[in-house]
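Remarks on the structure that follows.
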Amino acid sequence: MSELTLTVMRLGFLAVLWLFVIVAVQVIRSDLFGTRVTQRAAQRSQGERPPAQRQQQPRQSDRQSGRRGGGRGAPTKLVVSEGSLTGTTVSLQGQTISLGRAHDSTIVLDDDYASSRHARIYPDRDGRWIVEDLGSTNGTYLDRTRLTTPTPIPLGAPIRIGKTVIELRK
């Protein structure tokens, strides 16, 4: 091999090695410090409500068909009963609710034990609400049972994600 080819290969290997080191440091940093929430705190101090507390308008198709999550015994809201967001309420209007540390989640959990995309809660065709763990590291628990498959949520049953407990209520 020529001297030029050998030098280019050495520089390429060095660049790939540094790229690996930089990516590894970023992963470790995000695991240790989590996601930044400074922008969200600044928005709250200016009077904007977090996404979990915004009231969403029902879709036109739901208003016309009269479907809003089932019959009389159907839950109408999702309430955070323990954790840093205690008291937060999300009205259930047929939309999927995402839970996790990611900024685009419906309920953003500031919890070291929550993954960025931890779990989701969605309605099925029968009007029941289903909770599904999205491959989180520490798991999602429904009534002290770790979820391995999408599971229907009984009214008032606690859903635990790290230090946060969420319940479906009327």
Side-chain angles (χ1 to χ4, degrees), residues 23-45 48-59 62 67-170:
V23 169
V25 167
Q26 287 178 340
V27 168
I28 292 170
R29 186 185 132 285
S30 68
D31 282 347
L32 288 176
F33 301 112
T35 58
R36 293 183 185 176
V37 290
T38 55
Q39 292 177 346
R40 297 185 65 77
Q43 289 173 349
R44 286 185 190 152
S45 66
E48 183 179 318
R49 291 168 32 183
Q53 294 176 347
R54 291 185 193 135
Q55 294 294 325
Q56 296 181 356
Q57 297 296 324
R59 293 181 297 208
D62 288 346
R67 291 179 297 146
R68 291 242 358 217
R72 285 203 135 164
T76 59
K77 59 187 173 182
L78 185 70
V79 178
V80 179
S81 57
E82 290 181 31
S84 61
L85 296 173
T86 301
T88 302
T89 302
V90 177
S91 66
L92 301 175
Q93 298 176 349
Q95 78 275 14
T96 297
I97 298 169
S98 58
L99 306 157
R101 292 189 334 189
H103 292 292
D104 61 345
S105 297
T106 308
I107 298 178
V108 179
L109 303 173
D110 187 22
D111 190 335
D112 293 336
Y113 298 102
S115 300
S116 58
R117 306 244 186 278
H118 196 99
R120 70 181 179 135
I121 298 173
Y122 59 94
D124 68 357
R125 293 183 180 145
D126 300 329
R128 297 178 303 177
W129 286 87
I130 308 295
V131 62
E132 178 182 12
D133 184 79
L134 299 176
S136 64
T137 304
N138 295 313
T140 303
Y141 293 84
L142 177 64
D143 259 347
R144 297 183 180 161
T145 305
R146 187 171 181 156
L147 298 176
T148 55
T149 60
T151 307
I153 309 168
L155 193 64
I159 302 165
R160 181 173 293 277
I161 296 173
K163 298 175 184 174
T164 306
V165 176
I166 300 166
E167 298 175 4
L168 288 179
R169 296 185 184 166
K170 287 185 184 183

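Between Lys170 and Pro75 there is no side-chain heavy-atom pair separated by less than 4.5 Å. Put simply, the side chain of Ile130 does not reach to within 4.5 Å of the side chain of Ile153, judged on heavy atoms. Taking the side chain as every heavy atom from C-beta outward, Leu147 and Val131 approach each other to under 4.5 Å. Considering only heavy atoms from C-beta on, Val165 stays 4.5 Å or farther from Val80 through its side chain. Taking 4.5 Å as the limit, every side-chain heavy atom of Val79 sits out of range of all side-chain heavy atoms of Thr88.
Formation of a donor-acceptor pair under 3.5 Å by the Asp143 side chain with backbone atoms of Ala157 is not found in this model. With Asn138 contributing its side chain and Tyr113 its backbone, the two residues share a donor-acceptor pair below 3.5 Å. At distances below 3.5 Å, at least one donor-acceptor pair connects side-chain atoms of Gln95 with backbone N or O atoms of Gln93. Asp124 places a side-chain N or O within donor-acceptor distance of the main-chain N or O of Asp126, the cut-off being under 3.5 Å. For the pair His118 (side chain) and Ser98 (backbone), a donor-acceptor distance under 3.5 Å is absent.
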Exercise. Would Ile161 and Leu109 count as a side-chain contact (heavy atoms from CB on, under 4.5 Å) if you check the C-alpha gap in whole Å, the side-chain angles of each, and the deciding distance to 0.1 Å?
Worked result: CA-CA 9 Å; Ile161 296 173; Leu109 303 173; 3.7 Å; yes

Problem set entry | Worked verdict on Ile107 versus Val90 for side-chain contact (heavy atoms from CB on, under 4.5 Å) | CA-CA 9 Å; Ile107 298 178; Val90 177; 3.9 Å; yes

For this session: Could you please spell out the steps behind the side-chain contact (heavy atoms from CB on, under 4.5 Å) verdict for Thr164 and Leu85?
Result: CA-CA 8 Å; Thr164 306; Leu85 296 173; 5.7 Å; no

Exercise. Would Ile159 and Thr140 satisfy side-chain contact (heavy atoms from CB on, under 4.5 Å), going step by step from the backbone distance to the final call?
Worked result: CA-CA 7 Å; Ile159 302 165; Thr140 303; 3.9 Å; yes

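Annotation for Tyr122 and Pro150: closest pair OH-CB, 3.6 Å, computed over non-hydrogen atoms. Of all the heavy atoms in Thr106 and Thr96, the pair that sits closest is OG1-O, 4.0 Å. When all heavy atoms of Pro152 and Pro154 are compared, the closest pair comes out as O-CD, 3.5 Å. Residues Glu167 and Ser81 come closest through the heavy atom pair OE2-OG, 3.6 Å. Across every non-hydrogen atom of Leu142 and Thr151, the tightest pair is CD2-CG2, 3.8 Å. Minimum heavy-atom separation, Asp111 to Arg101: O-CD, 3.2 Å.
Within the model, atoms NZ of Lys77 and CZ of Arg169 stand 7.0 Å from one another, a figure rounded to the nearest 0.5 Å. With rounding to the nearest 0.5 Å, the separation of OG in Ser116 from CG in Asp104 is 9.0 Å. Rounding to the nearest 0.5 Å places OG of Ser105 at 11.5 Å from CD1 of Ile97. Taking CG from Leu168 and CG from Leu92, the interatomic distance works out to 6.0 Å, rounded to the nearest 0.5 Å.
For the pair Asp133 and Arg117, the salt-bridge criterion is not met [side-chain N within less than 4.0 Å of a carboxylate O].
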